[in-house]
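Structure record follows, encoded as structure tokens.
Computed from a predicted model, the values in this text were never measured in an experiment.
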Amino acid sequence: MDARIDYFGNALAGKVMKHLNSAGAAVHSAVPVATQELVKIRASQINGCGFCTDMHTKDALAAGEDQQRLNLVAVWHEATVFTDAERAALELAEQGTRLADGASGVSDEAWANASKYYDEDQLAALISLIAIINAYNRINVMNRQPAGGYKPGMFG
């Protein structure tokens, strides 16, 4: 399986990725890295982005995340291995990502729950992170970027 274009080698695409990467870096310290990776993995699973699911699972493992928790991200509703704060972030990610499914967006209940665990800056970071990973997912899905070859640290 090959990507449709060499997106990572294309000069114009490189400019776009530079800006997306900068936006992602802006939120890096606002929310725990483990939570960020869980959110990126869940959004990527929903969007069917194998490349990002592979990347963020491997990045999470490299950062010391537990394999069992990563195995259970897709079924976080039924899993007991996530903190209440992580569950709130996963719910926000899931509802914010399912906009394309014709869903009504993030419910007031999900927002109130997330607000119990995250302050305004952290909520802004989560909103931004979810938007950014959804953009990456769409790029990779449209380009049919294959999964499996990512190595942690490959992009910086």
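Among E37, Q36, E65, R42, the one residue that satisfies the side-chain hydrogen bond (donor to acceptor under 3.5 Å, both in side chains) test with H56 is E37. With C52 as the partner, the side chain to side chain contact (heavy atoms under 4.5 Å, CB included) test is satisfied by one option alone out of N140, I41, V141: N140.
Defined by atom type and a distance below 3.5 Å, a donor-acceptor pair is present between the side-chain atoms of N71 and Q67.
Heavy-atom minimum distance, Y118 versus A85: OH-O, 2.8 Å. Contact record, D59 with P152: OD1-CA, 3.6 Å, taken as the closest heavy-atom pair. Residue R69 comes nearest to F82 through the heavy atom pair O-CZ, 3.3 Å, listed as atom of the first residue, atom of the second, then distance. Pairing each heavy atom of A114 with each of L92, the nearest pair is CB-CD2, 4.4 Å. Taking all atoms of both residues into account, the shortest heavy-atom contact from A3 to Q145 is CB-OE1, 3.6 Å.
The hydrophobic clustering, which links ILVMFWY residues whose side-chain heavy atoms are closer than 4.5 Å, places Y117 and V39 together.
You'll find the ring centres of F51 and F8 inside the 6.0 Å limit.
Counting only distance, with no hydrogens or angles, the side chain of R87 and the backbone of H77 share a donor-acceptor pair below 3.5 Å.
Here CE of M55 is found 7.5 Å from CE of M154. Values are rounded to the nearest 0.5 Å.
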Q) Between Y136 and N21, is a side-chain contact (heavy atoms from CB on, under 4.5 Å) present by the stated rule, with each step listed? A) CA-CA 10 Å; Y136 281 123; N21 290 339; 2.3 Å; yes
Do any side-chain atoms of residues 126-133 form donor-acceptor pairs under 3.5 angstrom with protein atoms, and if so which ones, sequence neighbours left out?
{"unit_1": "S128", "atom_1": "OG", "unit_2": "A124", "atom_2": "O", "d": "2.8"}

